[in-house]
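For the numbers below, each heavy atom of this structure counts, side chains included, while hydrogens, waters and symmetry mates do not. Quick note on labels: first sequence line is chain A, next is B, and so on, each numbered from 1.
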There are 2 protein chains.
Amino acid sequence: MDDETAPQKGTVTQRAIERIKAMIGEGLLEPGQRLPTERDLAAQLGISRSSMREAIRALTVLGVLEARHGSGIYVTLLEAGDLLETFGVVADLSRGPRLVELLEVRRILESTATALAAARISEEQLAEVERHLAAMNATDDPEEIIAHDLAFHRVIAAAAGNDTMAAILEGLSSRTFRARVWRGYQEEGAFARTRREHAAIHRALAAHDPEAARAAAAAHVGEVEEWMRAQLGP
Amino acid sequence: MDDETAPQKGTVTQRAIERIKAMIGEGLLEPGQRLPTERDLAAQLGISRSSMREAIRALTVLGVLEARHGSGIYVTLLEAGDLLETFGVVADLSRGPRLVELLEVRRILESTATALAAARISEEQLAEVERHLAAMNATDDPEEIIAHDLAFHRVIAAAAGNDTMAAILEGLSSRTFRARVWRGYQEEGAFARTRREHAAIHRALAAHDPEAARAAAAAHVGEVEEWMRAQLGP
DNA sequence: CCAGCAGGGTGGTCGGACCACTATGAGCCG
DNA sequence: CGGCTCATAGTGGTCCGACCACCCTGCTGG
């Protein structure tokens with residue numbers, strides 16, 4: 001009786017998901033705000049707690065809600081990182097031709113991000129880039145190399161000043177994805193080449209030369225892209 | 001007792017999600033394949049059906065699984081569209097500065113996609129582009145205009161030959177997102193300008209001129225981007 | 001041979017019970 | 001009086017068992 005709309009479309013849980021999303025979209029629920037308890041929410045929408053829990057779980061994995069055991073359910077800050085975390089799942093589960101497509105997207109975004117970074121990067125950020133570059137060349141532990149490689153690009157993406165783009169790139173370079181590609185890639189002695197490419201990117205950043213940065217980054221990702229394309233062909 | 005690993009990390013449901021994701025990642029579960037029943041899966045992992053249902057629901061909203069009432073649970077084809085559908089949620093819930101960031105990402109991807117399309121588009125696809133262009137100019141029903149506008153760009157994205165990129169762009173132009181922006185945008189008489197920009201994009205496509213297409217698409221999205229930036233500024 | 005129906009199996013929903021954790025405040029100790 | 005401890009209420013997490021709605025198969029009867 002609390003509501004007028006009982007359109008019966010889709011499952012009960014699905015409707016609950018939409019309702020909560022709508023509440024947030026309309027500003028009834030502010031970022032960081034605490035929601036009513038599961039029991040109250042279920043009663044409000046006239047559904048069982050089980051169904052409501054499924055809806056909450058769904059919005060949790062989407063990065064919209066956050067459940068704290070013993071405390072309550074909260075709306076996340078709805079920042080880029082929260083919402084785009086699921087992008088990593090795509091990278092993890094993609095295979096074959098789709099990996100090439102993902103690398104193509106990454107090449108486009110990463111080259112632009114690096115170009116933007118060249119124009120905007122601060123001295124502190126540049127120093128951090130150099131730190132990861134040095135650390136990457138100082139060890140031969142693959143695990144560590146990948147970590148610094150990721151951090152290298154992460155700093156650059158952050159310097160580009162677009163959090164959304166940075167979050168997407170983060171997902172496209174998620175740990176497992178990178179490790180999966182590297183495994184076979186470095187077996188071909190691509191180590192030296194990667195090192196040279198990273199150095200080129202750093203040079204362009206230090207010189208604040210966007211065009212050179214774009215080219216260097218595109219070439220860097222493009223190398224991996226071409227290698228992967230070749231793996232699938234014959 | 002069935003397994004060796006009971007590391008007790010995170011919630012039971014979270015572990016179930018990871019387990020199923022891992023099964024798919026390792027190829028134990030093929031795309032399109034049917035899973036055991038909820039009851040069996042729950043028994044296999046030693047958890048309750050409720051928890052298993054939450055895990056399944058989570059993977060369902062991520063576009064990894066698909067539940068068919070009365071039939072069973074299936075792995076999706078894991079195509080770009082399946083996995084990137086959640087991208088629309090990001091667009092729906094983003095506001096303020098993040099909308100500008102999203103438009104910037106869209107500008108970068110859309111301009112590249114349009115450039116690729118200029119080189120690869122077929123006669124049939126070009127005809128479809130023209131169809132939507134004409135339909136868009138023939139009516140003044142905002143609903144219909146938006147629909148054809150979306151379709152216009154969708155065909156172009158498809159012609160670029162990168163399904164992943166097309167899926168991302170689809171999410172960035174989702175119905176509600178587009179409607180939300182249009183509402184205020186067209187109040188400023190941006191109609192004629194939009195029409196001109198679309199015509200320019202079509203010309204570049206017909207001429208198979210990638211550079212012109214890139215410029216036209218970038219300008220098109222950039223217009224909206226600038227308008228939105230202005231809305232937030234003062 | 002085929003249309004129609006009935007049954008079993010599946011996901012969807014519900015309600016309730018109990019557990020694990022957190023936060024709060026009353027009460028104790030220093 | 002101030003700080004600490006610990007009981008306790010409230011919250012999300014898990015489990016169970018029942019029933020419903022729907023799909024699919026196979027059987028039945030024309």
- Around B:D141, counting heavy atoms of other residues, nucleotides and ligands shown, do more than 12 lie under 6.0 Å from its CG? yes
- Query: Rounded to whole angstroms, how far apart are CG on A:L45 and C1' on C:dC14?
  - Reply: 15 Å
- Item | Distance flag, aromatic centroids of B:H220 and B:H153, threshold under 6.0 Å | yes
- Note on the structure: Nucleotide by nucleotide, nucleotides 10-17 of chain D touches protein heavy atoms under 4.0 Å in the pattern (B base, S sugar-phosphate only, - none) BBBBBBB-
Residues 159-171 of chain A, side-chain donor-acceptor partners within the protein, below 3.5 Å, at least two apart:
unit_1 : atom_1 : unit_2 : atom_2 : d
A:N162 : OD1    : A:T164 : N      : 3.0
A:N162 : OD1    : A:M165 : N      : 3.0
A:N162 : ND2    : B:E101 : O      : 3.4
A:N162 : ND2    : B:E104 : OE1    : 3.2
A:T164 : OG1    : B:E101 : OE1    : 2.6
A:E170 : OE1    : A:R154 : NE     : 2.9
A:E170 : OE2    : A:R154 : NH2    : 3.2

- Point-to-point distance, once rounded to the nearest 0.5 Å, from CZ of B:R175 to CG of B:L150: 6.0 Å
- Compare all side-chain heavy atoms of A:V61 with those of B:L59 and state whether any distance is below 4.5 angstrom. no
